[in-house]
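All remarks here apply to the structure that follows.
The sequence lines fix the lettering, A, B, ..., with proteins before strands; numbering per chain opens at 1. In this text, all values refer to a predicted model and were calculated from it rather than measured experimentally.
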Amino acid sequence: MPLATFAGLDEAVADLVHDGDTVALEGFTHLIPHAAGHEIIRQRRTGLTLVRMTPDIVYDQLIGAGCATKLVFSWGGNPGVGSLHRFRDAVEHDWPVPLEIEEHSHAGMANRYVAGASGMPFAVLRGYTGTDLVARTATIKTITCPFTGEVLTAVPAIRPDVTVIHAQQADRNGNVMMWGITGVQKEAVLAARQALVTVEEVVDEFTPRPGAVVLPNWVVTRVAVVPGGAHPSYADGYSVRDNEYYQRWDAISRDRESFRSWVDDHIMRAGGE
Amino acid sequence: MPLATFAGLDEAVADLVHDGDTVALEGFTHLIPHAAGHEIIRQRRTGLTLVRMTPDIVYDQLIGAGCATKLVFSWGGNPGVGSLHRFRDAVEHDWPVPLEIEEHSHAGMANRYVAGASGMPFAVLRGYTGTDLVARTATIKTITCPFTGEVLTAVPAIRPDVTVIHAQQADRNGNVMMWGITGVQKEAVLAARQALVTVEEVVDEFTPRPGAVVLPNWVVTRVAVVPGGAHPSYADGYSVRDNEYYQRWDAISRDRESFRSWVDDHIMRAGGE
Amino acid sequence: MADWTSDEMMTVAAARALYDGVVCFVGIGLPSTAANLARRTHAPNLVLVYESGTLGAKPAHLPLSIGDGVLAESADSVITVPEVFNYWLQPGRVDIGFLGAAQIDRFANINTTVIGGDYEHPKIRLPGAGGAPEIAASCREVIVVVRQSRRTFTDRVDFVTSVGFGAGPGDRERLGLRGAGPRRVITDLGVLEPDPDTCELVLTHLHPGATVEQATEATGWPLVVRDDLAVTEPPTGAELDVLRALQAGAGGRQQTA
Amino acid sequence: MADWTSDEMMTVAAARALYDGVVCFVGIGLPSTAANLARRTHAPNLVLVYESGTLGAKPAHLPLSIGDGVLAESADSVITVPEVFNYWLQPGRVDIGFLGAAQIDRFANINTTVIGGDYEHPKIRLPGAGGAPEIAASCREVIVVVRQSRRTFTDRVDFVTSVGFGAGPGDRERLGLRGAGPRRVITDLGVLEPDPDTCELVLTHLHPGATVEQATEATGWPLVVRDDLAVTEPPTGAELDVLRALQAGAGGRQQTA
């Protein structure tokens, strides 16, 4: 099988993320691949279907920059702060472009990734019953247990064209190790056709750690070394969450112009991370 | 929720394992709860439905001793040695009692435990297609993906009355920690109505370890301290696999009389472990 | 003049609703504050489950996000997000789920999705479901914590994100929802509980200083007041000390680490 | 007189069938020996997956059981048994699956369940399926290693535990099996491969010293011999040295640890 290769973030994004692709950037508060998201904006990708359980400010930035025409998600907010203003502006006023949404619950999204990672077309769960999501979301259906006759909920697998995650370490062979809260990243990588992993550093050999998850180099496509690539999210053992940044984002993103100048100053003129 | 309590192995088995129960002793080569199996024989349980992915010599002993009337399994052999003679004698010649079998594959059994642990009535997988197991095993059915129309395989959840496992450590509150190859034990415990865990020792506090699995005391019913309770299987960090024992078992179990005298000498007269 | 705020009263009342030893599914914000207050006062053996995958977290300070490092470090076990929902929430292993709401109706159905306009172009696009629909369905019982106002307490929610009692008695059973549903709704004015017969939320407690008129005014349906309307015990000095210490120290480690 | 046994030849031939860098699903016994021989000779980057949950195991000595400690200690990652089958085998991430057989038929279907009598009371109750049905279905290709005899190589197996080519061409596609199926059957006499047109196993290689007559005699159907029948390269001294060292050291650590 093809093995992971190393590349610069700009080169990796240019290779793996194309206009119109279905792209999942995952990371559950911890290890969110912000730098990779910024590089996607910098390369002016458009027409993306963005997938993520918890779209937060990195997706607010991608949506505000006009990279996405569809969002598949289960919770879109600025954790502990409030609304995602760019996300709201896109849904409420089609700015800068209309944003189609496919809305699920966390349980549904998690199971959709599990189905993708398992090579299954769908997953079954107890979920959504009685909610208005059932009528609004075409990718929620019922399925009957062939043994008990009980009616349950089915959701289709998520199979991103590319999944992007941030991890603490890669070794020289492109194997990847992450630890701490690892959320749904393993499933998101295994569900995708290709995977880009940004890492804090490259080490000669992994030190086994409690709770560590290792992704072998034969399920990773590219590794880009991007220290601090999760900021303002954090990488356990390397950085702490920059909570002020999340608070500042509320003001920056509230207004279209202040957002645009932020993109110009902090993404476009900033150059690669 | 009720919390785990400590008890002697004899008392714990007397409390939790009743004639006619569905009982799963799990452990994948590593951490097989042999001592608990011997205690079940010692207490002369009958009519048990025994569930286990890889029935090996502990199930050969339970079956030969007449404790079981049904076996749900996916591979029944003496690993690296050969046949399970008591299992074969029961299936081939109804000795000492007829043994009904419900036969699956590893993938199917693993998913049946996952369904049980998840509170689902069934699981879906790609499995069994084209094999004669489909016609022989009533708990294998087809199911159609409501999104793609693809036909897949469904298997029902396993919900043991009690699951028995062996782990390395418990803390004083009855939380359990195991490490090394942990197989399907977590799922087997979460799938069961009650769980009995034998442990090598009790510690004041767990030391976090790579690959460690912690079962909180609110999903464990009883903890019994049984050092060496996995022998001739092993407990990583405490013992090594007694391969000679597995080889000796071939001769002991080949003949009904030598088996019976082994049970008398090593189980009945031996007293608790 | 009370020496505590209505938000402090609300948080203390929410903490008191957690019995010692129960397993509690906690969201960030007020539920997390209340759960950590309870763990430091009357419920030292409360088991906190955060959807980020931390089982039995014992944070030394209030986490500012669902995925704070302090949650992982202090947890009995850190598991994946799929496992949280499939192995722990879905089978009904969680006793109490804490939920907030942008809108809640007389049958305790919750909206956190959209308000006004139509679904494609709502007047207000809210964050959405998160873990709430399955928390509301699968936890043995649910506690809702939300400030009371006519905008929030609506006769019918614009969108049912999480089911309380649906359209009334028997609906949860018809839908096959296994948990008992909302046991109480704790607000800054008092406590509402579902009437055993009608499932409608009725006023059962007023916090000290709050009046029936205020509660009625802040409710978008004709609010039934229970005959045995009680007054909540005010926060004790001990409760306030712990709560304020918690909030003062919130995320402290995050900054200094 | 060769200075190696037919079992050694069979093991070496099996090892040579593994290219460097492939992911191989390994069962205990001869497949494990062959895979570890390959990793120590021509395929240092072979990735070994054992069903006990060890990904990328690099055992210093031959494990005696699927769950030996040495597998966990040397693995890139130790995962649960459900994960092995659901996340790694089922999606087709494994290149080569190694299988043994109690019976194998002309279309490479495998029986490891029952022989003779009826299913409820067979003449011989075999261990059963284990991981084999899904290995045979999902690995990109399958290699079968089994000693050749008329009892084992039967025209039709008594029970189809794992599907080779079913009743012939097109059956795998009809059944929706995603892997290519058995690529070669390696025995103590030679190598059989499915005919591209008929899917029937035909003799393509003889090991040094073995004859077509022996192979025909040991096969329960009229064995077709391919025109370009080749003779296997005998084991090299290096291969034999490594193989014998492996077997001498088998489980050594288990005893001494």
Go through the atoms of [X] and report whether side chain, backbone, both or neither lie under 4.5 Å from a heavy atom of chain C.
X         : value
Phe87(A)  : side chain
Glu187(A) : side chain
Met109(A) : neither

Chain A contact via [X] - which portion, at a heavy-atom distance below 4.5 Å:
X         : result
Arg178(C) : side chain
Ile124(C) : both
Ser138(C) : neither
Glu51(C)  : both
Gln90(C)  : both
Leu177(C) : side chain

Tell me, do [X] and [Y] make a side-chain contact under 4.5 Å, heavy atoms counted?
X         : Y         : answer
Thr131(A) : Val163(C) : yes
Phe159(C) : Leu133(A) : yes
Thr80(C)  : Lys186(A) : no

statement: When every non-hydrogen atom of Gly180(A) is compared with those of Val78(C), the smallest separation belongs to O-CG1, 3.8 Å
Rounded distance [0.5 Å steps], CG in Asn86(C) versus CG in Asn111(A): 4.0 Å
